[in-house]
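The structure appears right after this line, and notes come after that.
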Amino acid sequence: MTKIFNDPSDFAEEALAGFCDVHSDLVRQVPGGAVRRFRPATPKVAVLAGGGSGHYPAFAGLIGTGFADGAVVGNIFTSPSAQQAYSVAKAAESGAGVVFTYGNYAGDVMNFGMASERLAAEGIAVENVLVTDDIASAPPSESAKRRGIAGDFTVFKVMGAAAENGADLAEVVRLGRKANHLTRTIGSAFAGCTFPGAESPLFTLPEGQMGLGLGIHGEPGLHDTDLPSAKELGHELVSRVLAETPANAGSRIAVILNGLGSTKHEELFVLWGTVAPLLRAAGYTLVMPEVGELVTSLDMAGVSLTVTWLDEELEPLWAAPAETPAYRRGNAAREAGARGVEETSDGGAAAAAFVATDASREYARACVAAIAAARSSLHDAEERLGRMDAIAGDGDHGRGMVRGVDAAAAAASAALGHGAGAGDVLAAAGDAWADKAGGTSGVLWGAGLRAFGETLGNSSAPAPSALAAGVTAFADRIIQLGKAETGDKTMVDALLPFVAGFSRAVAYGVEPGRAWQDAAREAAAAAEATADLLPLKGRARPLAEKSLGTADPGATSLAMVFAVMGPHFTGGAGSGGTLETTTAAAAAES
């Protein structure tokens, strides 16, 4: 269990600050993460690893010569925001382009993708390389859906060495994707990990059991089995990895036997005593194997086996020198050159930038009150939402929603104080939510609130039809980003019934407060009904069967938030003219 912390919500930030202070000769902290202490003397491709905290030495521990140029660091097990990725890229970029590389998780894909769009719009060459090495998370026919786990290390190492050698952006990307294509990982867990401040682990296993097919975000294994001996476990891991040997693979392999956080090196060495002979007996030459903690999951007790099939291109990159705070190989020369420029902008908007009518500013007060109500509700439900998420996910949904709504509430109040109208207040809230919450839900809520605000604008209090257009824009943006549909067991399962119900009732002339209340009840019922669904999107998908009987936490929190926001959004709305008397037919339809 994680014992050393102050405020649990500040754990990731404080850990990053301490890390950067200890290793100030190699790294420097920037908004969103960390970069190399010294910029390259001549332009080179910036390889930027990224993801949530809790995986040390991935990701910040791998910054340095021959490896990463920077790391984008999110909250524990939570995707960093698009703003964080953008800020780190701006600090690390030296004129030859940047490449983000990360595990294949929905939140990371969305946030790094949005950061890439922003960088490209500024004329910076940018690419993304996803790691998909976890063979337990999807069948070979759907390998593009697989998660990235300890194979991150191999892919990052290959890309970092290629960039250090002077390869251009296209070549670094090609080699990274090639390494990913030739990498396979399988893991097992003996006990779950515990968030700072939590009283219990994210999952538990029965006595004498092991979870096979774990993730690195505190997810349990895909199925439980009797705890084997070291020899039996070694045979299990090797056989599963070699069963997925790539076509035309060579006989030389990079091997990582990785501890997940609480498994001791001595235990790994015992396991290696079975793994290595089995691989050699299969005809393989092991090239500079690694045994130790390289991609962890806080204090999880577990182990994973990664194999990368090498060729004449990949082997020299795998073997190349590197010097980082957590990893050294060979004699990598320290970089020389000018220090990078520290980022100073906080991304805030000046008060003078806000232009709004008095009516919109008055409605903005209702928007701030709506977010405050959501904040209170989410704080009350944080633990329950976390427990729901831990059934088949990483247990961070409650904490992520609280971090997001706290930031949104502060940003909305600040914008209101600077004279913002309703649209700018909601947009500011959305940007802050996405930046501080991270993860899939963070980016979706952030983007949705911004779309809501952009639709309402700053010229007047919204008429009921404009309010309906706003919630429709909220939903459209979330669907555009998340690609989820009704029945996928996501927040969309509650969102779409709400939007449909509210829009329909408003069109029939139902008073907006009642229309919102009725739609919120539909959303709550739809959220509860997700207990009968299997997840088809997100981190819960690999553990689909375990989620049966538990409602989706994203749908649950959305229904909860919309319910408490309603009185504020509808109470301050304009009428755009007098609403017609509700007909009996309209009432029945609503």
Side-chain angles (χ1 to χ4, degrees), residues 49 51 55-59 61-62 66-68 101-103 131-137 146-161 176 178-189 212-216 230 233-234 236-242 244-246 249-250 252-280 282 284-297 300-311 314-315 317-320 322 324 326-330:
H55 305 302
Y56 191 84
F59 302 97
L62 305 179
F67 228 120
T101 180
Y102 48 90
V131 183
T132 56
D133 60 305
D134 178 21
I135 64 175
S137 56
R146 287 177 168 175
R147 306 177 292 199
I149 49 176
D152 284 355
F153 187 90
T154 311
V155 176
F156 298 171
K157 175 67 175 65
V158 165
M159 296 174 68
K178 180 178 184 179
N180 178 63
H181 176 69
L182 295 172
T183 299
R184 307 286 188 273
T185 300
I186 183 69
S188 62
L212 188 65
L214 62 91
I216 58 168
L233 177 58
E236 180 80 18
L237 298 178
V238 170
S239 64
R240 286 182 177 270
V241 169
L242 295 189
E244 291 219 7
T245 301
R252 297 175 68 80
I253 55 176
V255 184
I256 298 173
L257 190 60
N258 176 60
L260 272 294
S262 290
T263 303
K264 306 304 295 181
H265 279 70
E266 289 88 345
E267 295 177 276
L268 296 175
F269 295 146
V270 169
L271 184 58
W272 183 253
T274 295
V275 167
L278 286 173
L279 292 171
R280 293 186 182 113
Y284 291 108
T285 298
L286 281 53
V287 180
M288 303 183 77
E290 296 287 348
V291 177
E293 292 186 344
L294 297 176
V295 182
T296 62
S297 183
M300 180 184 284
V303 62
S304 63
L305 175 65
T306 298
V307 171
T308 300
W309 281 263
L310 302 172
D311 62 10
L314 298 183
E315 183 169 337
L317 300 173
W318 168 247
T324 79
Y327 181 80
R328 286 173 171 81
R329 172 175 286 179

Nearest-0.5 Å distance, CH2 of residue Trp309 to NZ of residue Lys178: 15.0 Å

When rounded to the nearest 0.5 angstrom, what distance separates CG in Leu310 from OG1 in Thr183? 8.5 Å

For Tyr284 and Leu242, run side chain to side chain contact (heavy atoms under 4.5 Å, CB included): C-alpha distance rounded to whole Å, both residues' side-chain angles, the deciding distance at 0.1 Å, then the answer. CA-CA 11 Å; Tyr284 291 108; Leu242 295 189; 3.9 Å; yes

Looking at residues at least two apart in the chain, or sitting in another chain, which of them share a salt bridge (charged side-chain N to carboxylate O under 4.0 Å, His left out) with Glu293? none

Output yes when a side-chain donor or acceptor of Thr101 lies under 3.5 Å from a complementary backbone atom of Ala49, and no otherwise. no

Is there side-chain contact between Arg240 and Leu212, with heavy atoms separated by less than 4.5 Å? yes

Minimum heavy-atom separation for Thr132 and Arg146, please, with both atom names. CG2-O, 3.4 Å

Note: Val291 and Leu268 closest approach over all heavy atoms is CG1-CB, 3.6 Å

Passing option when Asn180 is tested against Thr154, Asp152, Val155 for side-chain contact (heavy atoms from CB on, under 4.5 Å): Val155

Shortest non-hydrogen contact from Ala136 toward Ile186: CB-CD1, 3.8 Å

Quick one: do Val275 and Leu278 satisfy side chain to side chain contact (heavy atoms under 4.5 Å, CB included)? Show the steps, please. CA-CA 5 Å; Val275 167; Leu278 286 173; 6.0 Å; no

Residues pairing under side chain to side chain donor-acceptor pair (under 3.5 Å) where one sits in residues 257-270, two or more places apart or in two chains, turn out to be Asn258-Ser304

Heavy atoms of Lys157 and Leu317 approach each other most closely as NZ-O, 2.7 Å

In this structure, which one of Leu305, Thr306, Thr308 forms a side-chain contact (heavy atoms from CB on, under 4.5 Å) with Ile256? Thr306

Would you say His55's side chain and Ser297's backbone share a donor-acceptor pair under 3.5 angstrom? no

Can you tell me how far apart CG (Leu294) and CZ (Phe153) are? Round to the nearest 0.5 Å. 4.5 Å

Applying salt bridge (charged side-chain N to carboxylate O under 4.0 Å, His left out), can you list everything that pairs with Asp133, at least two apart in sequence or on another chain? none

Quick one: are Val238 and Leu279 in side-chain contact, heavy atoms under 4.5 Å? yes

Taking it one step at a time, do Thr185 and Val241 satisfy side chain to side chain contact (heavy atoms under 4.5 Å, CB included)? CA-CA 6 Å; Thr185 300; Val241 169; over 6 Å; no

Please find the pair of heavy atoms, one from Asp311 and one from Leu314, that lie closest to each other, and give the distance. OD1-N, 2.8 Å

Going by the angle between their ring planes, with limits at 30° and 60°, are Phe156 and Phe59 parallel, tilted or perpendicular? tilted

Can you check salt bridge (charged side-chain N to carboxylate O under 4.0 Å, His left out) on Glu290 and Arg329, steps first, answer last? CA-CA 11 Å; Glu290 296 287 348; Arg329 172 175 286 179; 2.7 Å; yes

Counting N and O atoms only, with roles assigned by atom type, does the side chain of Arg147 sit under 3.5 Å from a partner on the main chain of Ser137, one being a donor and the other an acceptor? no

If I compare all heavy atoms of Gly176 with all of Met159, which pair ends up nearest, and what's the gap? CA-CG, 3.4 Å

